[in-house]
There are 2 protein chains.
Amino acid sequence: MLFIIGGETFFIMERKMTIKDIAQLAGVSPATVSNVMNKTGRVSKETVSRVIEIVNEKNFNLNASARTLRQKVSRLIAILVPDYSESENTYHGQELGIANPFYLEFVSKTEEILSKHGFETIFKVVSVKSDLKFIKERNLDGVIVIGAHEGSEFTSKVVSYNVPVVFVDSYLSNGEVSLINTDDQLGGYLSTRHLLGLGHQKILFISGELQSSGVNYERSLGYQRALEEHGVKIEPSFIIQTDVTVEEGRALAHRLAFKNNEFTGIVTTADALAIGLIRGFYECGISVPGQVSIVGFDDISVSAFIIPSITTVHQDFELKAKRAAILLTKLIHGSDSEKIQQDNLLPKLIVRESTAEPFSK
Amino acid sequence: MLFIIGGETFFIMERKMTIKDIAQLAGVSPATVSNVMNKTGRVSKETVSRVIEIVNEKNFNLNASARTLRQKVSRLIAILVPDYSESENTYHGQELGIANPFYLEFVSKTEEILSKHGFETIFKVVSVKSDLKFIKERNLDGVIVIGAHEGSEFTSKVVSYNVPVVFVDSYLSNGEVSLINTDDQLGGYLSTRHLLGLGHQKILFISGELQSSGVNYERSLGYQRALEEHGVKIEPSFIIQTDVTVEEGRALAHRLAFKNNEFTGIVTTADALAIGLIRGFYECGISVPGQVSIVGFDDISVSAFIIPSITTVHQDFELKAKRAAILLTKLIHGSDSEKIQQDNLLPKLIVRESTAEPFSK
DNA sequence: AATGTGTGGTGAAACGTTTAATCAATTTTT
DNA sequence: AAAAATTGATTAAACGTTTCACCACACATT
């Protein structure tokens, strides 16, 4: 509220209404107001409406800090994206889950659902070396972690806080946690089998780090399984690790171009990579799918529209977000606090223009 | 902590350490511990180190709720994305700022900076009709709003909470707020002038809603200004409003294809639109830039790599995020609480393959 | 009439900090 | 040597809720 007194302007923060003020105005005790606000049902109809009226008139809101202090429940959850970039396993910025466009959809969808359950959502990119003390400090009710790596102490750090937690897109040896993944192995399998079915035999597999990223590793297993099933020998040099960026895809294509007679198909673990590869090959005069077939992963929004459109493995991020959010609320409210659950969503192959039968001379 | 007693398992939440426990262990008063934790400098060297040691040993964290209750400062800010989808101005999901991939970069960059200043960041997609009571309830220290529209009561609602707020990508008639925008008019001007410079005269302008979105409206002004400067008559039917999605771009191209002799260039307000248009024209056998030149906007990560790569207007989202975050911290800490500031970042035209001289028969 | 059962409501403690007021001891100033 | 200032620490109130124990009253049950 702004007051102007004798030429001086004063900015006077009106004291915030408290439950006591409301109580006084309504002629009841603070406890009763509290009961009204929390709909405990222990208040008579008439008193409820009288209190409600004043609450609305005065535009009163409860103070979340006071509530949390008393109840030890914050109605606050966090979505955590671990940042491994400074750790032993060198990762580059773009590798971050969060740089992956589709995670936005995930984050905002998750937030939407949790919001309906009465939670506010803190979003945080956290270095894997940082302490996670805000979990305790803020009395977080739960945590969702996206893309944690196996083996780092980060996972156990999160778990050690003894707060309900759901891991998403994380492969962890510790089976004692709740997990929502895509069946990445199946994804890798489907895309590879698709190329094999078209008649390809010499198929590269291009992904990010295999060792630390379970997602990539699983997809590579799917690739290998498909090859084995088709009696195709697995050629270690055909498995290539790189940064998962459009730019790296392009650069890699240039490096691969001169030996393009050694392979006819490429399975990748990201549409971004596929787009970069297609561009790179284009710059080298190699046509996709004429000379090389390429399969992406994720089905990001532009994949259906670029030229050639990309054959890819579709993930339903909305569903994934829904599952994660709902599982977390169950863990939080669940009477049986041990409700560990693991869920593998099924990916789906979508055939478009970037794959075709191998070129025969 | 997990106890197993006589076959029964008990999950015993160890009582959380409080400042009093630490005080007792260190043989000092709670007030002293508080002073140590907050580095007020009013404690002797020796006491500090004794307390610190115990704090570390016991792994003690302050309770944020208690602090906030007392201080009325939460060290919490919110990034708000207004959702207009159910309001009068019908918008479709994809129009949401948040569905725009580059906003992820913005959000995570902003979070990173605010985090360094000691804030946690709540992320929320909010219906423009919803109350914003969490701002008061949680004692938020500040708010960043992305993509607010002129005229809706949403803006004044936010402002009415009397909390430091920075609007981003919002055009608001109320000049009394802090604002970080891109110079959208300049962006529209640059892209249009580029086409004019190549010799185009018949140039379409394709964007989302003009009326409610200041961003789009400003870009259209830039488009018109460029045309005027070149003495080209503005043809109202050349200004087309549509949903800003790849799919809509494609559909629109199909509708425009049969009259492709009426125009030779297209200015758009989003790379997503440009990508869709290129695809649509491709499906109709119209080549870009052979028969039509197209300019995008934003310079999303794939724009440089698709075929043809897209001539577009580049925005520096990292810079934008930095400006917004830092301005907000200034508003929060600033001694002179009235430090309204408005900032227009300069966009940059990036010429790539999707534009060329108009086809001459 | 005595006892039990609900119903609607109140009082006051407790949650874990911060901070203003105060104090004791020491050092500096006069 | 007395007064003043500085340093380091303490005490206790305050922040705004929730919730347990309690109460008064009406009503139903023996």
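Basis for what follows: all heavy atoms, side chains included, without hydrogens, waters or symmetry-related copies. Proteins come first, then strands; the chains are lettered A, B, ... in the order of their sequence lines, and each starts at number 1.
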- Task: Mark up nucleotides 12-17 of chain C, 5' to 3', with B wherever a protein heavy atom is under 4.0 angstrom from a base atom, S wherever such an atom reaches only the sugar-phosphate, and - elsewhere.
- Result: -BBBBB
- Those residues at least two apart in sequence (or on a different chain) that pass side-chain contact (heavy atoms from CB on, under 4.5 Å) with A:Lys58 are A:Met17, A:Ile22, A:Leu25, A:Ile54
- Tell me, please, which residues at least two apart from A:Asp131 pass salt bridge (charged side-chain N to carboxylate O under 4.0 Å, His left out). none
- Message: Does A:Gln342 have more than 12 heavy atoms from other residues, nucleotides or ligands lying within 6.0 Å of its CD?
- Response: yes
What are the atom names and distances for every N/O pair under 3.5 Å that joins the protein to nucleotides 6-9 of chain D?
{"from": "D:dA9", "atom 1": "OP1", "to": "B:Ser44", "atom 2": "OG", "distance (Å)": "3.1"}
{"from": "D:dA9", "atom 1": "OP1", "to": "B:Thr47", "atom 2": "OG1", "distance (Å)": "2.4"}
{"from": "D:dA9", "atom 1": "OP2", "to": "B:Ser44", "atom 2": "N", "distance (Å)": "2.8"}
{"from": "D:dA9", "atom 1": "OP2", "to": "B:Ser44", "atom 2": "OG", "distance (Å)": "3.3"}
{"from": "D:dA9", "atom 1": "OP2", "to": "B:Thr47", "atom 2": "OG1", "distance (Å)": "3.2"}

- Counterpart residues, salt bridge (charged side-chain N to carboxylate O under 4.0 Å, His left out), relative to B:Lys109 (two or more places apart): B:Glu112, B:Glu318
- By side-chain contact (heavy atoms from CB on, under 4.5 Å), B:Thr68 pairs with (sequence neighbours left out) A:Ser65, B:Ser74, B:Asn139
- Message: Using five pairs at each end of the helix from C:dA1-D:dT30 to C:dT30-D:dA1 to define an axis, what is the angle between those two axes, to 10°?
- Response: 40°
- Identify, with sequence neighbours excluded, every residue that meets side-chain contact (heavy atoms from CB on, under 4.5 Å) alongside B:Ser29. B:Ala31, B:Thr32
- Output every pair passing salt bridge (Lys or Arg N to Asp or Glu O under 4.0 Å) with a member in residues 135-144 of chain B, not counting sequence neighbours, ordered by first then second residue. A:Glu120-B:Arg138
- Message: Applying salt bridge (charged side-chain N to carboxylate O under 4.0 Å, His left out), can you list everything that pairs with B:Glu53, at least two apart in sequence or on another chain?
- Response: none
- Message: A:Arg67: which residues meet the side-chain contact (heavy atoms from CB on, under 4.5 Å) condition with it, sequence neighbours left out?
- Response: A:Ala64, A:Gln71, A:Arg75
- Task: Write out all pairs satisfying salt bridge (Lys or Arg N to Asp or Glu O under 4.0 Å) with one or both partners inside residues 37-50 of chain B, taking only residues at least two apart or from two chains.
- Result: none
